[in-house]
Number of protein chains: 2
Amino acid sequence: MPRVGLDQSKIIHAAIELANDQGLEQVTIAALAKKLGVRPPSLYNHFSSLIEIRTKIAREGMQKLEDTLIRSVAGKSGEEAILSFSKQYLTFANANPGLYEATIQPMNVPDNVVADTSKNMIDLLVQLLSAFSLTEQESLHLVRGLRSIVHGFASLQRAGGFQMNFKVEDSLLYTIKLLCDGMKAKQ
Amino acid sequence: MPRVGLDQSKIIHAAIELANDQGLEQVTIAALAKKLGVRPPSLYNHFSSLIEIRTKIAREGMQKLEDTLIRSVAGKSGEEAILSFSKQYLTFANANPGLYEATIQPMNVPDNVVADTSKNMIDLLVQLLSAFSLTEQESLHLVRGLRSIVHGFASLQRAGGFQMNFKVEDSLLYTIKLLCDGMKAKQ
DNA sequence: GTATAATAACTAATATCATTAGTTTTGTAA
DNA sequence: TTACAAAACTAATGATATTAGTTATTATAC
């Protein structure tokens with residue numbers, strides 16, 4: 001039994017690698033143990049269940065996504081910021097498929113860290129929309145709309161829902177621009 | 001061994017009931033057999049695998065959704081048709097959560113029936129957009145955009161992604177209207 | 001440096017899952 | 001009525017997560 005020197009961080013990052021390479025559903029105790037060169041029960045010294053591992057993956061994904069999005073709008077405002085936000089959201093989902101999947105998976109037990117991070121991203125969107133003169137209610141509708149668009153694009157692309165004729169990113173940006181046009185027309 | 005009189009249709013409809021009640025992931029051979037009052041291996045007289053059952057559920061879901069959407073736009077055109085389409089899409093996803101989930105699940109083996117139905121729905125959207133004067137490319141971008149919006153809303157709502165402050169449907173319709181405004185502003 | 005305690009691995013076992021092989025029963029058609 | 005196909009069954013296999021209990025390693029206290 002030579003010790004392999006596992007800890008939570010090493011396990012989570014192996015799990016994320018597995019998720020990105022093979023899909024989130026391939027993140028099993030058995031596969032993870034194999035990847036780490038250890039017997040399945042050994043993982044229970046670091047985590048109490050597979051659900052806990054999944055939750056930690058989701059946290060990591062949400063935080064990394066939030067970080068990416070905050071950086072993407074730094075120094076930008078209005079339509080430019082919204083476009084950058086949307087583009088980076090899609091890019092993140094493409095670059096980290098398994099990790100992104102974990103962030104949108106309905107969780108068995110609701111997690112506060114994930115919920116808080118999600119709220120932060122909503123607040124960020126509200127802030128970006130303040131450049132347009134909207135009522136509070138309009139703004140809240142639109143935040144939902146923007147989240148649904150970026151998530152919808154990311155999710156449909158992941159599921160193979162688009163033919164490859166032309167770039168998905170172009171379609172996303174076209175849609176967002178049109179929405180901004182609609183906002184401007186209101187003013 | 002009194003015969004229980006199973007057939008593919010009865011099994012699929014029991015599976016759909018299970019999916020809507022308990023979630024798609026609860027559709028297992030074991031749970032299905034229990035619900036139907038039969039031993040698990042008996043199901044293999046009607047289906048060759050769980051994957052086949054899942055595929056048939058997805059087909060049923062796609063066809064029912066397509067049917068719903070076609071009805072929703074009958075006798076309507078332009079913005080009115082698009083709003084009705086979107087509203088009924090969301091309503092369908094809410095009323096049939098497990099069935100809707102099956103339609104968006106990336107399939108292990110690509111299925112022609114599902115692909116064809118999906119194409120029909122895209123064609124329907126293209127048709128609805130013909131009321132606006134768009135180039136072919138613009139129209140294709142926008143079809144992707146509309147699909148992403150309705151799917152995004154349905155998916156985020158399912159995952160508990162929205163607080164209950166006010167109606168999700170209102171947010172969806174607000175977003176779609178804004179998009180239509182953007183289209184009109186182009187003309 | 002050595003004893004001790006905490007920790008990280010292990011083995012063995014249980015329960016659930018899908019699936020396969022082989023068997024029995026049932027219903028129907030000749 | 002007999003024969004055959006279909007639909008159920010039992011038994012078994014191999015994968016899964018998880019638990020209990022055990023051993024070995026590492027770090028800490030003296």
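Quick note on labels: first sequence line is chain A, next is B, and so on, each numbered from 1.
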Worksheet entry | Sidechain-backbone polar pair: B:E52 side chain, B:S48 backbone, donor-acceptor under 3.5 Å | yes
Worksheet item: Between B:F153 and B:Y89, is the gap from one ring center to the other below 6.0 Å?
Response: no
Worksheet item: Would you say the side-chain atoms of A:N20 pair up with the backbone N or O of A:L99, donor to acceptor, closer than 3.5 Å?
Response: yes
Worksheet item: Taking all non-hydrogen atoms of both residues, which atom of A:L18 and which atom of A:K35 are closest, and how far apart?
Response: CD1-CD, 4.1 Å
Practice prompt. Output the residues of residues 7-38 of chain B in contact with DNA chain C, where contact means a heavy atom of the residue under 4.0 Å from an atom of the strand; sort by number or write none.
Written response: B:T28, B:I29, B:A30
Fill in: Aromatic ring pairing B:Y100/B:H151, orientation class (parallel under 30°, perpendicular over 60°, tilted between)
tilted
Item to complete: Can you pull out how bent the helix from C:dG1-D:dC30 to C:dA30-D:dT1 is, comparing the axes over its first five and last five pairs, to 10°?
Response: 0°
Worksheet item: Can B:M183 be reached from B:L140 by stepping across I, L, V, M, F, W or Y side chains whose heavy atoms are under 4.5 Å apart?
Response: no
Worksheet item: Checking side chain to side chain contact (heavy atoms under 4.5 Å, CB included) against A:T55, which of A:I53, A:I57, A:I51 comes through?
Response: A:I51
Response to the item:
Note: contacts of residues 43-52 of chain A with DNA chain D (heavy atom, under 4.0 Å) are A:Y44, A:S49, A:L50
Worksheet item: Is any side-chain N or O of B:S42 closer than 4.0 Å to OP1 or OP2 of D:dC9?
Response: yes
Item to complete: Could you check if a side-chain atom of A:H13 sits within less than 4.5 angstrom of a side-chain atom of A:E60, using non-hydrogen atoms only?
Response: yes
Worksheet item: Would one find more than 12 heavy atoms of other residues, nucleotides or ligands at under 6.0 Å from atom CD of A:Q8?
Response: yes
Worksheet entry | Rounded distance in Å - CG (A:L6) to P (D:dT26) | 13 Å
Worksheet item: Is B:K184 atom NZ crowded by more than 12 heavy atoms from other residues, nucleotides or ligands, each under 6.0 Å away?
Response: yes
